[in-house]
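Below is one structure, written out as structure tokens, with a few remarks after it.
All values below come from the heavy atoms of this structure, side chains included, with hydrogens, waters and symmetry mates left out. Chain naming here is simple, since letters A, B, ... match the order of the sequence lines and numbering starts at 1 in each.
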Amino acid sequence: MTAPLITLDRISRVYQTGRFEVRALDGLDLTVERGEFLAIVGPSGSGKSTLMNIVGCLDRPTAGRYVLDGTAVEELDDDGLADVRSRSIGFVFQSYNLLPRTSALDNVAMALAYQGVGHKERIARATASLERLGLGDRVDHEPTELSGGQQQRVAIARALVTEPALILADEPTGNLDTASGDDVMGILRELHATGRTIVLITHDADVAARADRQVHVRDGRLVA
Amino acid sequence: MSPLDLIRLALARLRSSRLRAALTMLGVIIGVGSVVALVAVGQGATKGITAQLEGLGTNLLTVNPGSSTSFGTRGAAGSATTLTIDDATALAAIPGVAAVAPELTTQKLVIAGKENTTTSIVGTSAQYGTVHNQTIWQGSFLTQPVTDLGLRVAVLGATTASDLGLGADAVGTDISIGGIPFRVIGILQSKGGSGPLNQDDQIIVPLEAVKSNFVSGDSVRSIGVSVATADQMDLVKAEITTGLKSRHGLGAADAADFTVFDQAQLLTTVNSITGLLTVLLAGIASISLIVGGIGIMNIMLVSVRERTREIGIRKAIGAKSRDILFQFLIEALVLSVLGGFIGILVGLGATAAIGAIAGWGFVFSPATLVVALLFSLAVGVIFGVWPARQAARLDPIAALRYE
């Protein structure tokens, strides 16, 4: 058996707001194997978002060890974290987070630009990624010209184009109607079927049920 | 991202907000344009004045008599009658002197047919043309035999000729100067210029003719000396001073009863004044360049604020702080350099227009353009770096949550 993709070891994250200390994560342990489809479930205020920021290498833990794809993340500086995000993580956000006034193609190709991929190859790979998600005829459309479901597909195409070890989806269906939401979950399941590791963060039990495994966050810890 | 990618990104960004980009660039356009135009105006004015001064004669030294003192009252400089024709002859013997032209000037009424004018009558030698860079347009200039004999012949300045209604066919006809008939033997090429520098409004006649007809005595108003080469100027000037002092019976320690005026000195003075003016004008113009830079900074700061979410997205997807820094810096640079380019074109247009109006033609130095472009580049860096740093320092989580 190969090493797990994600190992979180007694992770704590403490925010200092004025005189108060907020312990958003409190000694949390989590292991995600390669090829897993995991849902992290929890109500707002549970520390779920903080966990997503740390797993997504947007933030560093106050204490504890985090190894992602063999890299000890908590030792990295900001540029190191940016590198890990660029190479190892594909984000899918609730609000899509596409660049406005930018074509679907450029939105997807942008992810490759920060890896130093040349212009031609970027265009080719971004086009392929969009085609894979059934958006071959939408490459020149800007986000405002696309439906919510289509925008989320563009976001997934952007997450996939770098061939990351981990797809991190934060409430990917939160802004979508039921049909589009089902559609997006279907895509994630397909990706999982092709061997991708997917971590889904949600408060929605129905969405979480589509994952293979669920962990629940309460008060900064995992509960059974 | 490669610099090319960033430039492409910046251009796409500017295309998507054309009006804002144009207004932001306007400050730099005006700044660079006025620097280019005003420096060119300075250079054009310098060139124009220099050309006029050089028109008076190259390597010219002018010897003027000192002031006379009568009954204890000191007269104006040049009022003394200490310079003589013999002095002029003696100066011709000094090594390095190419030509000597003693001048005895008087104002006379000149009549040609029905036309008349009052102008300067310059009595001088055949070398006057060499000393004062005069070239003949029609006929011929004074010659040695003519001046030796003191014949009543006249060479007309271009303005004088046209004032008298005389053209090319006037050569060989007679005109009346102060009531005395003179034969026109030549008309000079126009040199341009106006006011006290105008050399086109005068009549040149043999010195002897002035002496025998208008002004008695042996003294001359001034002696023009043309020096063979520029680097001999100082030496010849010193030689003239000592030579004339001893001729006038003055010791080395005595004050000279004449002055030697150096054309090059005047040229240097004028050049330093116009140079100073050019710097002054450029300085004033560069203030508007700074204002333009502040405009860029202002818009970039607004832009960073507006695009906080974009910055968050880019960072989440893997952009390093440096990528964001360069993205915004290059955007500012594209604005300022593009503005600089357009400003140069505007400045050159203004230069051509002003040159055409002022009559010194299209004068500009490529160095000015390079400097202007470097300046606009510097404006972009200086005023772009702070907003870019603001953008680069944004925390990705906070930026992503920014609405």
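Chain B forms more heavy-atom pairs under 4.5 Å with one residue of A/G116, A/S86, A/G56, A/G118 than with any other, namely A/S86. Highest contact tally toward chain B, considering only A/H119, A/M110, A/R101, is held by A/H119 [criterion: heavy-atom pairs under 4.5 Å].
For B/R309, the CZ atom sits in a packed shell: over 12 heavy atoms of surrounding residues, nucleotides or ligands are nearer than 6.0 Å. Within 6.0 Å of the CZ atom in A/F37, the count of heavy atoms belonging to other residues, nucleotides or ligands exceeds 12. Annotation: B/F341, atom CZ; neighbour count of heavy atoms from other residues, nucleotides and ligands within 6.0 Å does not exceed 12. Within 6.0 Å of CG in B/N271 there are more than 12 heavy atoms belonging to other residues, nucleotides or ligands. The neighbour count for B/F326 CZ, taken as heavy atoms of other residues, nucleotides or ligands under 6.0 Å away, does not exceed 12.
In this structure, no portion of A/D78 lies under 4.5 Å from any heavy atom of chain B. Looking at A/R158, only its side chain comes within 4.5 Å of chain B, counting heavy atoms on both sides.
Side-chain N/O atoms of B/R401 and A/S49 include no donor and acceptor closer than 3.5 Å.
Taken from NZ in B/K315 to CG in A/L81, the straight-line distance is 11.0 Å, to the nearest 0.5 Å. Between the CD1 atom in B/I313 and the CG atom in A/N97 there is a gap of 4.0 Å [rounded to 0.5 Å]. Atom CD1 of B/I317 and atom OG1 of A/T162 lie 9.0 Å apart (nearest 0.5 Å).
The minimum heavy-atom distance between B/A319 and A/R85, with the atom names listed, is O-NH2, 4.2 Å. Nearest heavy atoms, B/A316 versus A/F91: O-CE1, 3.2 Å.
Residues of residues 4-43 of chain B that come closer than 4.5 Å to chain A, counting heavy atoms only, are B/D5, B/R8, B/R13, B/S16, ordered by residue number.
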